2 protein chains.
Amino acid sequence: MVTIYDIAAKAGVSAMTVSRVINNTGKISDKTRAKVRRVMEELNYVPNHMARSLVLQQSNVLFLLITDITNPFYTTLARGAEDAAKKHGYRLLFGNSDESLDKEKDYVDAILATRADGVLVAPAGDLSLPHLETLRLHQVPFVLLDREVPGMDSDVVLGDSKEGARKLVDHLTSQGHERIALINGSPQISSARLRLEGYREALKLNDLAFDEAYVLETAFEPRSDLSEIERWLDRMDPAPTAIVAGNNVLAVEVIRTLHARGIRVPEQVSLVCFDDLGPFSEIDPFLTVIAQQAYQFGYLGTQMLVERLQERGVTGLPWKKIVLPADMIVRRSVAAISPTDGRSAR
Amino acid sequence: MVTIYDIAAKAGVSAMTVSRVINNTGKISDKTRAKVRRVMEELNYVPNHMARSLVLQQSNVLFLLITDITNPFYTTLARGAEDAAKKHGYRLLFGNSDESLDKEKDYVDAILATRADGVLVAPAGDLSLPHLETLRLHQVPFVLLDREVPGMDSDVVLGDSKEGARKLVDHLTSQGHERIALINGSPQISSARLRLEGYREALKLNDLAFDEAYVLETAFEPRSDLSEIERWLDRMDPAPTAIVAGNNVLAVEVIRTLHARGIRVPEQVSLVCFDDLGPFSEIDPFLTVIAQQAYQFGYLGTQMLVERLQERGVTGLPWKKIVLPADMIVRRSVAAISPTDGRSAR
DNA sequence: CTGTTAGCGCCTTCAC
DNA sequence: GTGAAGGCGCTAACAG
């Protein structure tokens, strides 16, 4: 391995001079600089980030921990974070927790061990609290993405989940729907809770009764077994005329379940959800969605994180909270019905 | 920051003893081991990977460089690589080159600087050669994924592109199609070349003439401007009755272009492609595709890489090449027509 | 403008 | 079983 000493020797200077050339620090004569540069090329020198980080006590690395790498919401978010990190001179590393607390814990340990300067986390849920406390304990600045964790104050970028849910429900009622069901992520996840709240409030404002049987609280991540959804569909009586899904994964799973039963959307049941389905669904974009600004989640979150990093030392500054608006894209997955319409989703 | 010296002091032992406890090396009495462990917990010790890697001259990190993080083919591949890396005790870091040679170069430099032990690369194209030469020069083992690069021998995991193209064309001819067009990635990419070859061979075997005007060689990555595709569609006369797309991105773009013209698939044009569209297209899986085993690309590639790493020192072992089969999933994007059917794709 | 010294946190080697 | 010395590659602080 070629080190600065190798090139120092060959260039007839000290290692320190080489270091200065590499980092563009201090004053160096053009002549020595040119010579050092030439030798570096000759020897194919590549600086060793690890050695550098060890002395500098900072790595210039940010870590992005997402919960589902196959979900276009998160990959788009990742692109935003990547661009922002690059812009500020940081490198960005990714991790994928799969909504698993265990994997999340492993990643947090790895992040600490690799001495990342800061972290962007989409926490698996409220039970991520100890993991965040670990980061805080070790003074690693972090920004929460998409989800808050009760008991942990921090910078955070959220979508307006409550408002989004209200918009979706309002849209359905405006089309005459009165039996509106909700399939949601775990109540251990803040965004899921807010979506449920928004759903309940919107029902109330529309003078519709809330019925527990119409709500299924399950999980946001992909599953192979659809039987829980099956049972929920069976349970609702009378069947809903419309379904709100807490995210895109759930929406797709509901559609698959319905299709398996020969039930068509929107002809027999209307369906809306949070999060768009990504570029590969543009073949036939038909789902009405709250299209969260995934790219902005990543971009703005990274920007906040970098700002925190730069004010290092200055403590006690208030936490920032960015709430991105919930914009609805109306497409074709909602049918208009008359209130007395007795169609069934079974 | 807590170091092994801090815990050594507090435990009343030497740093070396702490190091031995951490790594489970050498002989340590149960008593001191227990004591050291206790102090580590008390002080929330986290080992410093960078310092460790610096002395050990290895990082236990593998790097996966893909070309499009928003493409489900690559995210699924990433999941496979992640699982395999974990299984073998390596950590996996990701990078996203966006099919850009410049970004790819930046990543290669970063990979060298961070001293990753090995790399999995989906190269941007034939012009990635110098980047691979850089890796080779610095003796960083790598495995190529999905694409070969002429002039660079290495381990590689490929799909059977030629066979895949033949299958797609054969399927179309079996449904009566005779005017079959091809939209493909850059000819600078090995998989694109093989797909073109397979297409040409299959035409010949089916006694169909090859017509250059029916082939568009463009780019695999997503674009915002569809005008090139528009012009190609205009150029073909008579219009094709079926189109083969070199990957999923191109297929979606073709569909969008066609839909904008009010042309429906498969009623007016049939369409097939390489690579499935991922979980979010399961809403209405209708494209007939060569569904490459994305997960296996990542999993097997990582396994090959780890094997190389373990035989470090032993040189001259032959390169391995895994070719994954091209399995076709027939769905509904191909209509049967009679050979004399004069339908138009314009 | 350039060089010397010391040390970042850890592990290998060699002592005891 | 355990410890002391030295060095991985690099840079901050000081010296000239």
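Throughout, protein chains are lettered first and strands after them, A, B, ... in sequence-line order, and every chain is numbered starting at 1. Worth saying up front: this structure is predicted, and the values here are computed from it rather than measured.
- Within 4.0 Å of A/Leu56, counting heavy atoms only, lie sugar-phosphate atoms of the nucleic acid but no base atom.
- Within a 6.0 Å radius of CD in A/Gln57, more than 12 heavy atoms belonging to other residues, nucleotides or ligands are found.
- Classification of A/Arg147 and A/Asp126 as a salt-bridged pair fails, no side-chain N sitting under 4.0 Å from a carboxylate O.
- Rounded to a whole Å, the CD1 atom of A/Ile22 is 9 Å from the C1' atom of D/dC10.
- Per the geometry, CG belonging to A/Leu54 stands 12 Å off P belonging to C/dC11, to the nearest Å.
- No hydrogens or angles considered: a donor-acceptor pair under 3.5 Å links the side chains of A/Asn23 and A/Arg52.
- Atom CG of A/Asn23 is separated from atom P of D/dA12 by 7 Å (rounded to the nearest Å).
- The number of heavy-atom neighbours closer than 6.0 Å to NZ of A/Lys103, taken from other residues, nucleotides and ligands shown, is above 12.
- In this structure, OG1 in A/Thr75 is found 10.0 Å from CG in B/Asn71, a value given to the nearest 0.5 Å.
- A donor and an acceptor atom, one from each side chain of A/Lys10 and A/Tyr5, are nowhere located under 3.5 Å apart.
- B/Met1 comes within contact range of the sugar-phosphate backbone alone, with a heavy-atom separation under 4.0 Å but no base atom that close.
- The side chain of B/Thr25 places no N or O atom within less than 4.0 Å of a non-bridging phosphate oxygen (OP1 or OP2) of C/dC11.
- More than 12 heavy-atom neighbours from other residues, nucleotides or ligands sit within 6.0 angstrom of NZ on B/Lys320.
- Taking atom CG of residue A/Asp6 and atom P of nucleotide D/dG9, one finds them 8 Å apart after rounding to whole Å.
- Contact check, A/Ser29 against C/dT2: a side-chain N or O comes under 4.0 Å of OP1 or OP2.
- Rounded to whole angstrom, the span from the CG atom of B/Asp30 across to the P atom of D/dG1 amounts to 9 Å.
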Shorter than 3.5 Å, N or O on both sides, protein versus nucleotides 3-7 of chain C: list them out with atom names.
| unit_1 | atom_1 | unit_2 | atom_2 | d |
| --- | --- | --- | --- | --- |
| C/dG3 | OP2 | A/Ser14 | N | 2.9 |
| C/dG3 | OP2 | A/Ser14 | OG | 3.1 |
| C/dG3 | OP2 | A/Thr17 | OG1 | 2.5 |
| C/dG3 | N7 | A/Arg20 | NH1 | 3.2 |
| C/dG3 | O6 | A/Arg20 | NH2 | 2.3 |

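- Side-chain nitrogen and oxygen atoms of B/Gln57 include at least one within less than 4.0 Å of the OP1 or OP2 phosphate oxygen of D/dG9.
- Residue-level contact check: A/Ile4 touches the bases, meaning some heavy atom is under 4.0 Å from a base atom.
- Side-chain N/O atoms of B/Arg52 include one lying less than 4.0 angstrom from OP1 or OP2 on C/dC11.
- In this entry the distance linking NE2 of A/His138 with C1' of C/dG9 reads 16 Å, nearest Å.
- Among the nucleotides C/dT2, C/dC11, D/dC10, the one closest to any side-chain atom of A/Tyr45 is D/dC10.
- Under 4.0 angstrom from either OP1 or OP2 of C/dT2 there lies at least one side-chain N or O belonging to A/Thr32.
- Atom pair A/Ile7:CD1 and D/dC10:C1' shows a separation of 12 Å (rounding to whole Å applied).
- The separation between A/Asn48 atom CG and D/dG9 atom P is 7 Å, rounded to whole Å.
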